[in-house]
Visitor: 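Below is a structure I'd like to ask you about.
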Amino acid sequence: MTGLFDGLLVGDRGYACQRFLRPPYPDPQTGPQNRFNVALSKTRVKIEMTFGILKARFNCLRRLRVSPERASQIVAACAILHNIATIRKERVPPQNQLLPDEIDPITLDHPAGAAVGDAITTQYFT
């Protein structure tokens with residue numbers, strides 16, 4: 001492995017914009033900046049939902065305390081097994097939803113996090 005990465009990472013407002021990392025625009029001034037923030041928000045919601053599905057299927061991912069190199073191997077193996085299970089149309093285990101007070105407040109500050117927070121609030125309080 002060469003350690004080279006060709007692509008972009010997405011982040012929330014807690015991250016600074018870097019060559020390889022794109023957080024949302026803090027105060028979008030134009031239509032394209034606003035559309036970028038909306039697209040980023042929708043993408044982050046899907047990513048968070050995918051993390052939830054993987055953690056529901058593979059409990060070992062809930063409290064993973066290993067080196068980054070080993071963690072990447074474990075996560076990759078779980079993703080491969082998840083894809084195989086999806087191809088075989090195996091049922092996804094129910095996700096253990098976090099209660100609103102267990103959600104990272106930085107995540108809720110972001111529009112995607114707010115959407116997740118709204119979904120959880122709707123699920124638990126309606």
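Remember, predicted model here, so these are calculated numbers, not experimental data. Heavy-atom basis, side chains included; hydrogens, waters and symmetry copies ignored.
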Visitor: For residues 23-36, which residue pairs pass the salt bridge (charged side-chain N to carboxylate O under 4.0 Å, His left out) check, not counting sequence neighbours?
Guide: none

Visitor: Any chance you could measure Asn83, atom CG, to Cys78, atom SG, to the nearest 0.5 Å?
Guide: 11.0 Å

Visitor: Minimum heavy-atom separation for Leu21 to Pro23, with atom names?
Guide: O-CD, 3.4 Å

Visitor: Which ILVMFWY residues can you reach from Val38 by hopping between side chains whose heavy atoms are under 4.5 Å apart?
Guide: none

Visitor: Transitive ILVMFWY cluster of Ile53 at side-chain heavy atoms under 4.5 Å: who else is in it?
Guide: Val92

Visitor: Return yes if some donor-acceptor pair links the side-chain N/O of Arg57 with the main-chain N/O of Arg91 below 3.5 Å, else return no.
Guide: yes

Visitor: Checking Arg88 now: which residues fulfil salt bridge (charged side-chain N to carboxylate O under 4.0 Å, His left out) with it, not counting sequence neighbours?
Guide: Glu90

Visitor: Can you list everything that forms a side-chain contact (heavy atoms from CB on, under 4.5 Å) with Ala71? Sequence neighbours excluded, please.
Guide: Leu64, Val66

Visitor: Would you mind listing every ring pair (Phe, Tyr, Trp, His ring centres under 6.0 Å) that reaches into residues 25-47, with sequence neighbours excluded?
Guide: Tyr25-Phe36

Visitor: Return yes if some donor-acceptor pair links the side-chain N/O of Glu48 with the main-chain N/O of Arg44 below 3.5 Å, else return no.
Guide: no

Visitor: I need the minimum non-hydrogen distance between Asn37 and Pro28, along with the two atoms involved.
Guide: ND2-CG, 3.6 Å

Visitor: Does Arg22 have any side-chain hydrogen bond (donor to acceptor under 3.5 Å, both in side chains) partners at least two apart in sequence or in another chain, and if so, which?
Guide: none

Visitor: Please list, chain by chain and in numerical order, all residues satisfying side-chain hydrogen bond (donor to acceptor under 3.5 Å, both in side chains) with Gln73, sequence neighbours excluded.
Guide: Arg70

Visitor: Quick check: is Ile80 connected to Ile87 through a chain of hydrophobic side chains (ILVMFWY, heavy atoms under 4.5 Å apart)?
Guide: no

Visitor: Which ring pair (Phe, Tyr, Trp, His ring centres under 6.0 Å) pairs, counting each pair once, include a residue from residues 47-87, with sequence neighbours left out?
Guide: none

Visitor: How close do Pro94 and Ala56 get, heavy atom to heavy atom, and via which atoms?
Guide: O-CB, 3.8 Å

Visitor: Please determine whether side chain to side chain contact (heavy atoms under 4.5 Å, CB included) holds for the pair Leu61 and Val75, giving the CA-CA distance in whole Å, both sets of side-chain angles, and the decisive distance to 0.1 Å.
Guide: CA-CA 7 Å; Leu61 297 176; Val75 171; 4.0 Å; yes

